Structure formats: C-alpha cells, structure tokens
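Let me begin by presenting the structure, written as structure tokens, before commenting on it.
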Amino acid sequence: MEKNMQVNFKFLKERIVDSLNHSDLDFIRTELSKLEEPTIFSGVGGSSVVSEFGAKVINRKNRIISTSSEPRDFIYRNNNAFRNVVACSYSGNNYGVELSFLKELRKYLLSNNSFEDSNVTYLKYNTTIDKERSFISLGATLIPVSILMDYYLNGKNSLMLDCIEETSFNFDLGSGIYEIFSGYDTSVSSKYLESTIVESGIGIPIVHDKYSYCHGRSTLGINYNGIAIYYNRNTEFDKMMLEELKRYYKTIIIIDSKFEDGILDDYQMLVQSMYLTKYIAERMSKDLSKVEYSPIVKKLYRYNGQI
C-alpha cells in the first residue's frame, strides 16, 4: 500500500519512539562521546539536516570543533585539520558516503544500516515499523536527529518527545516566495525548510542570515511580494526585526522558540517546520510523500563518477 503524506505525519512520533526503543543507544552514546578531536559531519538531501544537527550537538556537548559538510566538498577542501568524519545516510550506501570516506579520517556511519567494514564504526539506529515511503524524508530525517538528541540529553527524552506534536498554521500562500530569517542557532530548521520547499516544488525559498539582512538583503522584500518566515528566539534584535518587518511583508509566519537551550530549540523548530511544509503542501493539493519530480532525477540521482 502506497504511503502518503498524512500517513507519514501520523506515524512520525511513533517512528521516533520505536527507534529510540529498539536502537542500542548506550553504544551510540559511548561512541559519540569518544569524539574528542575536530570532526566533520556529512550528509546530502534530507541527511544534510541530520549532518547540520550532529555537528551542532558534538560542538556543544563534546566541546570540540565540528562542522557540517556536503559530500562533494571533501574533494576540494583541505581536510588536514580534522580527525573524524561522521557520514549521515539513512540507507548508508549512497555515493555521498563514499565521497565522505575518501580521506584518511576515522570513519563513522550514522545510518539505519551497517556493513562489513572494519574501518567504519557503525552508529546504527533500528526501526520495527514499516519503512517510510516518501520523496521528502520525514521520519528518515527526524529519527537520526532524535538519536543525536538522545545523546545530547543523556537519554532524558521527555522534552524532546513532547516537541513532536502538530503545529497549526493559517495563512494565504500568495506568490509562493518564502523569505526565511535564520542563523546558526536555527540552521537545522531552516535547512530542512529550504531543501523541502525546493525538492517538493511548493515554493521559492530564500534564506537570510538575520544580521546580513540588515546589510542589503532587505532590498528583495520591496521588489517581490514574498512571505516572511521568522525563527524567533525572542532576543531584543528579534523584537525589533519583527516590528520593522510588519511594514514590508503582508504575511509573517513566526516560529517561536520554547526553551532556553539552543539545541533543544532547533529541534522543536525543526518539527514545527515540518508541519509548516505539510500545511503549504495541503493548500497546494500536493503530497510531500509523492512528488512529481523532474525527469533529470533518473540520470543524476545514481551518478557516481568524477565529481
């Protein structure tokens, strides 16, 4: 039976709880705690959201240098300053993982799968519920993010699980242009939102760093009738910005932080962002789980040559 968007959202929390209950979290926590030197997290597509979150968690909890990277960048960047690479991939066997493992770094794979390779430490999360069938990764994104969150919270996951509830939205879509106001502190949420809007074809997203918006990027808003999506951390700057933006944007969608912890805030804002894309897709009579994608995908998705 083909799964649709409503079904995948309905089972989203259940899939997270199921994975937390059936994965060897003690092993994953132990291995993540061993990351004591500069570390690169890598992922593509929905897994780039996981990679972004992983780098932030390890930076905060392990107090080391960590960054998120696209797999292709490994070829062109000097990686000598780093010692570890954590590839994030639900399947674990895409070309992006191969690219991430090209350099002489200690290799880790955060995945739903594991393979016979003694050079790789497998951070495997398990699921017993039937596999999500969806073009846009929902559970396949939020499950590994939640596994990383479990490490950050030392297994005290009640606050995290409380975040996985539907958020209601009510606004007219208008031009379909979405100006997203974000920054490092909300980068996981905005990365999901930008990539999902693009990959599903439900709009045209532009991500603004909040402070960079003060230095010229505001020109866009007076030339196009876009919708502002603002990740609000309730700072003095945020209050000023939201007051000023009212003059230039007919519609402002505010996604509020609920905690004083930036990692936990980004997690709950990610969940809200997922339900925001659900709302937009429903208003457009589209299904995030069954996207009418470009025919070029058939040629590009499996590419594994010189890059």
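Index from 1, following the sequence. Everything numeric here is computed off the predicted structure, so don't read it as measured data.
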Point to revise | Phe115 side chain reached by Tyr122 side chain, heavy atoms, under 4.5 Å | key: yes
Check your understanding: For the residue pair Phe181 and Tyr213, does the interplanar ring angle fall in the parallel (under 30°), tilted (30 to 60°) or perpendicular (over 60°) class?
Key -> perpendicular
Point to revise | Geometric class of the Tyr279/Phe169 ring pair [parallel <30°, tilted 30-60°, perpendicular >60°] | key: tilted
Check your understanding: Between Glu236 and Lys239, is the closest basic N to carboxylate O distance under 4.0 Å?
Key -> no
Check your understanding: Checking Ser66 side chain against Asn59 main chain: does a donor-acceptor pair fall under 3.5 Å?
Key -> yes
**Study point:** Short N-O contact, Asp150 and Arg29, less than 4.0 angstrom
**Key:** yes
**Study point:** Cation-aromatic face contact Lys56/Phe41, 6.0 Å, 45 degrees
**Key:** no
Exercise for review: Mark yes or no for whether Ser182, through its side chain, and Thr186, through its backbone, hold a donor-acceptor pair below 3.5 Å.
Suggested key: yes
Point to revise | Cluster link Val145 to Ile129, ILVMFWY, side chain under 4.5 Å | key: no
Check your understanding: Taking the side chain from Ser189 and the backbone from Asp266, do they hold a donor-acceptor pair closer than 3.5 Å?
Key -> yes
**Study point:** Set of salt bridge (Lys or Arg N to Asp or Glu O under 4.0 Å) partners for Lys210, sequence neighbours left out
**Key:** Asp238
**Study point:** Partners passing salt bridge (Lys or Arg N to Asp or Glu O under 4.0 Å) against Lys13 (at least two apart in sequence or in another chain)
**Key:** Glu165
Practice item. Establish, from distance only, whether the side-chain atoms of Asn154 and Lys61 form a donor-acceptor pair under 3.5 Å. Key: yes
Review point. Is a salt bridge present between Asp18 and Arg15, judged by a nitrogen-to-oxygen distance below 4.0 Å?
Key: no
Review point. On the ring face of Phe74, is Arg77 found with NZ or CZ under 6.0 Å from the centre and within 45° of the axis?
Key: yes
Check your understanding: Are Glu199 and Val297 close enough that some pair of their side-chain heavy atoms sits under 4.5 Å apart?
Key -> no
**Study point:** Distance-minimising heavy-atom pair for Pro71 and Gly96
**Key:** CB-O, 3.5 Å
Check your understanding: Should we say atom CD1 of Ile65 is surrounded by more than 12 heavy atoms from elsewhere, each under 6.0 Å from it?
Key -> no
Exercise for review: Inspect the surroundings of OH in Tyr293 and state if more than 12 heavy atoms from other residues, nucleotides or ligands are less than 6.0 Å away.
Suggested key: no
Review point. Would a 4.5 Å heavy-atom cut-off, applied to side chains only, mark Pro205 and Val198 as touching?
Key: yes
